[in-house]
Amino acid sequence: ANLPGALSAMGSNPGAHEYVLPPCQVATECGYIVGEEINQSWSGSVVSISLLIAVCGAFTSLAISSHLRHCHERSWYVAFVVAAGLGLGVNTVWSMHFVGMQALELGGGKVSGATRPLAIDFEVVVTIVSGLAAWVVAALGIHVMSNRAVEERSKIDREMWYRLAVAASLIGSGVLIVHYAGMMSQTGTFAMSYDVGIIFASAAIAAVASTAGLLILMVFPDTLLIRFVCSIVISGAVNGMHYVGMLSATYHVTPGFKEMLGSYHKPIDGRVISITTLVFDLALYTICQYYGDRQRRALETVAQQEEVRHEQVMQRKIAAAVKSIEELGHPMITVPSKVFLDMDVRDMARMHEGMRLTGQLKYFDTKKDVDTAKLTGAFLIFFSYECLNWGQAGPNEDQLVAMKSAVRELAARQEKQLYDVYIWLDCLSIPQRNRAQKAAAVNAIYTFAGLPDAMVIVCPDSMHSGTMEQANADTIRKRLWCRIEHLVYCCSKGTRSMYLHRGTKLEALPSDWMDSVCCVFEAESTCCRLKHSKIPTCDREVVVLPLLALFYDVVTRQKRGACLVQDEYAYELVQKYRDRMFPRSFMYRTPDNDEGEERELFGDMLERIEAMSRTAVMELTTMTTEPESSSSDHDAEMVSDAV
């Protein structure tokens, strides 16, 4: 209340007041009244620059985080955490803050009406310390969010929310400290007071901005458009917190310079900070590009190696498939019918290894051995049946009775003595314990199918001991391994010598049978039903090789001008159902991955085989001087060279 009188006295008698202001701050010269509030105004151009600085810093931080998410090498992980802390804490928050401080213009007294602008300096020590604090706090927050296994860094789960809470608290607190330390480092002929409500509002904005920023950095998809949009969002959040926080301060005139720590102070040129920040952004982005190029080259090398490896695998498969047509990859093992007719279910459960010990198995080591045996009257029967017991291999009682009936009936039809009849049955003819021998026998199943004189599909009305479901002629069509046996025999020998036995007598194969079973990969298999929980290998992958052999043989016979009815029928069947019979891939499912993983089956191997077949047939047609008996050997040699 006495201030006007005091000022009047000071004007008439300057020596009468209790203290003297510096010459440049004398009220009568500057026009300000000590203690009065100073007007604040903002430079729109500088505010725009602060927004741009934050956008550039956020964009760079997002580029770094995109590599951080997928980084395996520990040294690069540390480098990216440090760089991301620099990009987010310094280039985005700290630099924007001090550029934004340049937008504040102090000038004009609320009471005195003075208009002279007041200069603002910054204490250098506080400014530098606040920048280092922003760097450290941002790096710690990003490390808390990303210090997980690589495949879990972008995973949204309970642990991620815990980490997000800790990291956001760190970075949010750091932003507040940087902001208000920067404001307190202002020096000049003024003092500041703060509005607590606005401080809390700025703290809330900092918390939301930190949480959103970390989610964007570590979770959002990383595309150029999303990165740019998110940079704008982060910039808006950081600037919003800054300028709201600036509104909490009220400036009052003081008689002298106010200093926080009394350290060295000077004006800070926003242009210097802007240029320096952009240089840092460019440097960090260059590091990201270097790492990206390095990883891209590494991936290209891996991809090339994988392509070479894949090519080698394809060639080996094709070569093995073609070779299996020309020669037996495993001896064809049969049981003399006299021995078979005396066996019971318990004998079947002994499988191949048990029968081998008795010395009663008949081995055919080569195709020539089979042909020689047939010249002496041998007759081979191929049995196909549905396994109805998970815990025991071989046919059940009903199926075994039907098989024995079929043996006697076929022997009578063909006028063969029982000692001339031999049986091929999977549980007795394929080794079960030695995996390598089992695989060799399975791979040779197409060749095996071309050697017997008849196939009998055994499907009496029965019941599965595990599922308690009915088993009959309809269910056997749905089983993968049964379909394989029917298809390979049909394509090799035709359907005339294929029979059905429902438990009473032999029947001709129904006309629609092959159309219903030829699409092998649409069938049911136990391994897929159990989602490969017991055996990781899938039967669908196992049968690729014999089906490749089938395709090559069918196509080659047709291109050679084969005129046999079964050859034409097999080719028409393959062409009609080609995509379903030979799918390029399938979905491999496990208990932990119900959606499945796509795995290759035939890929482009059919096209390769067709090209090889054309080449082989064309060259064979020119070999008119070669003896006819050597054509198959030459065919195999040519195919091997082509592969």
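The structure presented is a predicted model; accordingly, all values stated were derived computationally and were not measured.
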Next on the checklist: For the backbone of Val99 and the side chain of Gln102, can you confirm whether one donor and one acceptor N or O come within less than 3.5 Å of each other?
Outcome noted: no
Item to check | Validation row: Thr250, Glu37 side chains within 4.5 angstrom (heavy atoms) | outcome: yes
Next on the checklist: I need the Met145 CE to Leu68 CG distance, nearest 0.5 Å.
Outcome noted: 10.5 Å
Checklist entry - What do the steps show when you test Phe98 against Ile53 for side chain to side chain contact (heavy atoms under 4.5 Å, CB included), and what is the final call? => result CA-CA 11 Å; Phe98 277 97; Ile53 288 293; over 6 Å; no
Item to check | Sub-4.5 Å side-chain heavy-atom contact between Thr211 and Leu164 | outcome: yes
Item to check | Glu610-Tyr552 side chain donor-acceptor pair, cut-off 3.5 Å | outcome: no
Item to check | Derivation of the side chain to side chain contact (heavy atoms under 4.5 Å, CB included) call for Arg148 and Met160 | outcome: CA-CA 9 Å; Arg148 306 178 68 182; Met160 188 278 287; 3.7 Å; yes
Checklist entry - Under the 3.5 angstrom rule, does the side chain of Thr92 hit a backbone N or O of Ala58 as a donor-acceptor pair? => result yes
Checklist entry - Taking only residues two or more places apart in sequence or in another chain, which ones pass side chain to side chain contact (heavy atoms under 4.5 Å, CB included) with Gln312? => result Val308, Arg316
Item to check | Check against salt bridge (Lys or Arg N to Asp or Glu O under 4.0 Å), Lys531 and Glu595 | outcome: CA-CA 11 Å; Lys531 296 183 179 180; Glu595 293 184 1; over 6 Å; no
Next on the checklist: So that I know where these two stand, are Phe521 and Phe582 an aromatic pair - ring centroids less than 6.0 Å apart?
Outcome noted: no
Item to check | Ser169 side chain to Ala165 backbone, donor-acceptor under 3.5 Å | outcome: yes
Checklist entry - Is a donor on one side and an acceptor on the other found under 3.5 Å between the side chain of Trp42 and the backbone of Gly100? => result no
Checklist entry - If only atom types and distance count, is the side chain of His532 paired as donor or acceptor with the main-chain N or O of Arg589 below 3.5 Å? => result yes
Next on the checklist: Quick one about Ser585 and Glu598 (side-chain donor to acceptor, distance below 3.5 Å, no hydrogens or angles considered), yes or no?
Outcome noted: yes
Checklist entry - Taking side chain as C-beta onward, heavy atoms only, is Val520 less than 4.5 Å from Leu480? => result yes
Checklist entry - Are any non-hydrogen side-chain atoms of Leu104 and Met246 less than 4.5 angstrom apart? => result yes
Next on the checklist: Ring-plane angle category for His97 and His242, please: parallel below 30°, perpendicular beyond 60°, tilted otherwise.
Outcome noted: perpendicular
Next on the checklist: Would you say that more than 12 heavy atoms from the other residues, nucleotides or ligands in this model lie under 6.0 Å from the OH of Tyr194, or not?
Outcome noted: yes
Next on the checklist: Return the OG to CD distance between Ser130 and Glu123, rounded to the nearest 0.5 Å.
Outcome noted: 11.5 Å
Checklist entry - Taking all non-hydrogen atoms of both residues, which atom of Ile609 and which atom of Phe551 are closest, and how far apart? => result CG2-CD2, 3.7 Å
Item to check | Glu311 and Arg309: CA distance, side-chain angles, deciding distance, salt bridge (Lys or Arg N to Asp or Glu O under 4.0 Å) verdict | outcome: CA-CA 5 Å; Glu311 180 68 20; Arg309 187 197 66 80; over 6 Å; no
Checklist entry - Heavy-atom distance under 4.5 Å between the side chains of Leu247 and Tyr243, does that happen here? => result no
Checklist entry - Would you call the rings of Tyr588 and Phe586 parallel, tilted or perpendicular if under 30° counts as parallel and over 60° as perpendicular? => result perpendicular
Next on the checklist: Quiz question: by atom type and distance under 3.5 Å, do the side chains of Asn239 and Ser50 form a donor-acceptor pair?
Outcome noted: yes
Checklist entry - With a 4.5 Å limit on heavy-atom distance, are the side chains of Asn147 and Arg163 in contact? => result yes
Item to check | Backbone N/O of Leu88 and side chain of Ser61: donor-acceptor pair under 3.5 Å | outcome: yes
Checklist entry - Would you say Thr590's side chain and Asn593's backbone share a donor-acceptor pair under 3.5 angstrom? => result yes
Next on the checklist: Less than 4.5 Å apart, side chain to side chain, heavy atoms only: is that true for Met314 and Arg608?
Outcome noted: yes
Checklist outcome for this item: Closest non-hydrogen atoms of Thr537 and Cys527, given as atom of the first, atom of the second and distance, are O-CB, 4.4 Å
Item to check | Any side-chain donor near an acceptor of the partner, Tyr77 and His143, under 3.5 Å | outcome: yes
Checklist entry - Strictly by modelled atom types, are Glu36 and Ser112 linked by a side-chain donor-acceptor pair under 3.5 Å? => result yes
Checklist entry - Say you draw a straight line from CG of Leu118 to OG1 of Thr189; how long is it, rounded to the nearest 0.5 Å? => result 4.5 Å
Checklist entry - Is the number of heavy atoms from other residues, nucleotides or ligands under 6.0 Å of Glu307 CD greater than 12? => result no
Next on the checklist: Please give me the minimum heavy-atom distance between Ala103 and Val47, naming the atom from each residue.
Outcome noted: CB-CG2, 3.8 Å
Checklist entry - Taking all atoms of both residues into account, what is the closest heavy-atom pair of Ala134 and Trp94, and its distance? => result CB-CB, 4.3 Å
Next on the checklist: Please tell me whether Ser525 and Arg540 have a donor and an acceptor in their side chains that are separated by less than 3.5 angstrom.
Outcome noted: yes
Checklist entry - Taking all atoms of both residues into account, what is the closest heavy-atom pair of Val111 and Ile33, and its distance? => result CG1-CD1, 3.7 Å
Checklist entry - Shortest non-hydrogen contact from Val90 to Gly131? => result CG2-O, 3.7 Å
Checklist entry - Roughly how far, to the nearest 0.5 Å, is OH of Tyr251 from CD1 of Ile38? => result 9.0 Å
Checklist entry - Can you tell me how far the NE2 atom of His179 sits from the CE atom of Met184, to the nearest 0.5 Å? => result 11.5 Å
Next on the checklist: Go through it in stages, so that I can follow the logic: the residues are Phe602 and Arg584, the test is side chain to side chain contact (heavy atoms under 4.5 Å, CB included), and I'd like the CA-CA distance, side-chain angles, deciding distance and then a yes or no.
Outcome noted: CA-CA 5 Å; Phe602 292 93; Arg584 290 181 174 270; 5.7 Å; no
Checklist entry - Between Ser202 and Tyr180, do the side chains contain an N or O donor and an N or O acceptor separated by less than 3.5 Å? => result yes
Checklist entry - Could you give the distance from CG (Leu548) to CG (Leu606), rounded to the nearest 0.5 Å? => result 7.0 Å
Checklist entry - So does Arg529 have more than 12 non-hydrogen atoms from other groups sitting under 6.0 Å from CZ? => result yes
Checklist entry - Would Lys317 and Leu545 satisfy side chain to side chain contact (heavy atoms under 4.5 Å, CB included), going step by step from the backbone distance to the final call? => result CA-CA 6 Å; Lys317 284 184 178 180; Leu545 201 62; 4.2 Å; yes
Checklist entry - Would you say the side chain of Ser65 lies within less than 4.5 Å of the side chain of Leu62, judging by non-hydrogen atoms? => result yes
Checklist entry - Between the side chain of Gln186 and the main-chain N/O of Met183, is any donor-acceptor distance below 3.5 Å? => result yes
Checklist entry - Does Asp604 reach the main-chain N or O of Glu607 with its side chain, forming a donor-acceptor pair under 3.5 Å? => result no
